[in-house]
Amino acid sequence: MKITTYIIRFLLALLFIWAGTEKLFLPFDPTEFQTEIVKTDPLFSEFYKLLYDAGYLYFVGVFQFLCGILMVFKRTYLLGSIMFVPLILCLLMTHVFFSQNWLFILFDSVTFCMNLFIIILHATELKATFLKSQDGWI
């Protein structure tokens, strides 16, 4: 199980460090971007350009890079994995509702399942941390 966890951590770290670096440092060319995604709804490229123009993609890039770095270290990979949940769900829902490209949806679903695998391995620890018993409701 440890080897599987290491492999998943390495793949997620590599993927998201690259994705974050790409969003932060590589120039965005809408014409090249549109030719790469042939079977994608044109609304997605408009949405992506809007996110880029607003500067939101820089926030996403920083978040992807940070989570990827956290996945590298043994002490922080569970935190990185928890932080990945809203990020990957947001990416998945963007492709479900905007791009509607089944390859992107499949890829995001696989990354979500890999991340969920890591979280499930630590379910008892997380339950003890987040669902502590209390004396009352408040």
Side-chain angles (χ1 to χ4, degrees):
M1 203 55 76
K2 280 188 174 186
I3 292 181
T4 306
T5 304
Y6 288 139
I7 291 170
I8 290 173
R9 280 175 47 200
F10 175 75
L11 290 174
L12 288 174
L14 191 65
L15 172 72
F16 283 97
I17 288 172
W18 168 252
T21 304
E22 181 182 36
K23 283 180 182 61
L24 292 171
F25 300 113
L26 295 181
F28 172 68
D29 183 13
T31 57
E32 182 180 316
F33 183 72
Q34 289 170 353
T35 58
E36 288 179 4
I37 49 176
V38 177
K39 297 180 180 181
T40 303
D41 191 339
L43 184 62
F44 177 65
S45 46
E46 290 177 32
F47 176 69
Y48 197 85
K49 183 165 178 3
L50 175 71
L51 292 177
Y52 177 77
D53 291 340
Y56 184 75
L57 283 185
Y58 292 114
F59 170 74
V60 173
V62 167
F63 198 72
Q64 287 177 329
F65 186 79
L66 175 66
C67 290
I69 293 295
L70 288 173
M71 291 299 282
V72 171
F73 302 105
K74 186 176 183 180
R75 186 172 283 212
T76 60
Y77 80 91
L78 186 57
L79 175 62
S81 186
I82 292 168
M83 290 171 63
F84 267 142
V85 171
L87 176 68
I88 296 174
L89 281 176
C90 186
L91 295 172
L92 178 63
M93 291 303 115
T94 299
H95 292 301
V96 167
F97 292 110
F98 287 105
S99 76
Q100 299 169 351
N101 187 323
W102 67 272
L103 288 173
F104 289 152
I105 294 170
L106 180 66
F107 181 78
D108 289 341
S109 298
V110 168
T111 57
F112 184 70
C113 288
M114 288 174 23
N115 189 49
L116 206 57
F117 175 77
I118 291 175
I119 291 173
I120 288 173
L121 288 178
H122 298 281
T124 55
E125 298 168 39
L126 292 172
K127 182 180 176 187
T129 302
F130 293 114
L131 301 175
K132 292 181 182 179
S133 61
Q134 301 180 51
D135 294 334
W137 284 94
I138 298 178

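Just the heavy atoms: all of them, side chains too, but no hydrogens, waters or symmetry mates, feed the values below. All residue numbers refer to positions in the sequence shown, counting from 1.
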Practice prompt. Flag yes if V60 and L26 sit in one hydrophobic cluster, no otherwise; membership is Ile, Leu, Val, Met, Phe, Trp, Tyr, and two members link when side-chain heavy atoms are under 4.5 Å apart.
Written response: no
Worksheet item: Any chain of hydrophobic side-chain contacts (each under 4.5 Å) joining W18 to F104?
Response: no
Item to complete: Check for a donor-acceptor pair, side chain of S81 on one end and backbone N or O of Y77 on the other, with a separation under 3.5 Å.
Response: no
Practice prompt. Tell me who clusters with I17, hydrophobic residues only, linked when side chains sit under 4.5 Å apart either directly or through other members.
Written response: F65, I69, V72, F73
Item to complete: Taking side-chain contact (heavy atoms from CB on, under 4.5 Å) as the test, write out the residues that go with F63, two or more places apart.
Response: C67, M83, L87
Worksheet item: Going from CE on M71 to CG on L79, what distance comes out if it is rounded to the nearest 0.5 angstrom?
Response: 10.5 Å
Item to complete: Kindly give the heavy-atom pair with the smallest separation between I118 and H122, and that separation in Å.
Response: O-CD2, 3.2 Å
Item to complete: Output the distance between atom CG (L12) and atom CD1 (I88), rounded to the nearest 0.5 Å.
Response: 6.0 Å
Worksheet item: Say you draw a straight line from CG of L15 to OG1 of T111; how long is it, rounded to the nearest 0.5 Å?
Response: 7.0 Å
Practice prompt. Heavy atoms only: give me the nearest A13-G68 pair and the separation to one decimal.
Written response: CB-O, 3.3 Å
Item to complete: Could you check whether the rings of Y58 and Y52 sit parallel, tilted or perpendicular, using 30° and 60° as the cut-offs?
Response: tilted
Discussion item. Quick check: do D108 and V96 have side-chain heavy atoms less than 4.5 Å from each other?
Written reply: no
Worksheet item: What distance separates E22 CD from L57 CG, expressed to the nearest 0.5 Å?
Response: 10.5 Å
Worksheet item: Would L70 and Y6 show up in the same hydrophobic cluster when neighbours are defined by side-chain heavy atoms closer than 4.5 Å?
Response: no
Practice prompt. For L116, enumerate each residue passing the side-chain contact (heavy atoms from CB on, under 4.5 Å) test, keeping only those at least two apart in sequence or located in another chain.
Written response: F112, I120
Practice prompt. Could you pull out all residues at least two apart from I7 that satisfy side-chain contact (heavy atoms from CB on, under 4.5 Å)?
Written response: I3, L11
Fill in: Stepwise side chain to side chain contact (heavy atoms under 4.5 Å, CB included) test for L91 and Q64
CA-CA 11 Å; L91 295 172; Q64 287 177 329; 3.9 Å; yes
Item to complete: Calculate, to the nearest 0.5 Å, the distance between atoms CZ and CG belonging to F98 and L51 respectively.
Response: 8.0 Å
Discussion item. Among residues at least two apart in sequence or on other chains, which ones pass ring-ring contact (aromatic ring centres under 6.0 Å, His included) with F59?
Written reply: Y56
Response to the item:
To the nearest 0.5 Å, atom CD of E46 lies from atom CG of L50 at 9.5 Å
Item to complete: State, yes or no, whether a side-chain contact exists between H95 and F107 at a heavy-atom distance under 4.5 Å.
Response: no
Worksheet item: Which pair of heavy atoms, one from S109 and one from L92, lies closest together, and at what distance?
Response: OG-CD1, 3.6 Å
Item to complete: Output all residues satisfying side-chain contact (heavy atoms from CB on, under 4.5 Å) with F10, sequence neighbours left out; order by chain, then residue number.
Response: L14
Discussion item. Counting C-beta onward and ignoring hydrogens, is there a side-chain heavy-atom pair between I8 and T4 closer than 4.5 Å?
Written reply: yes
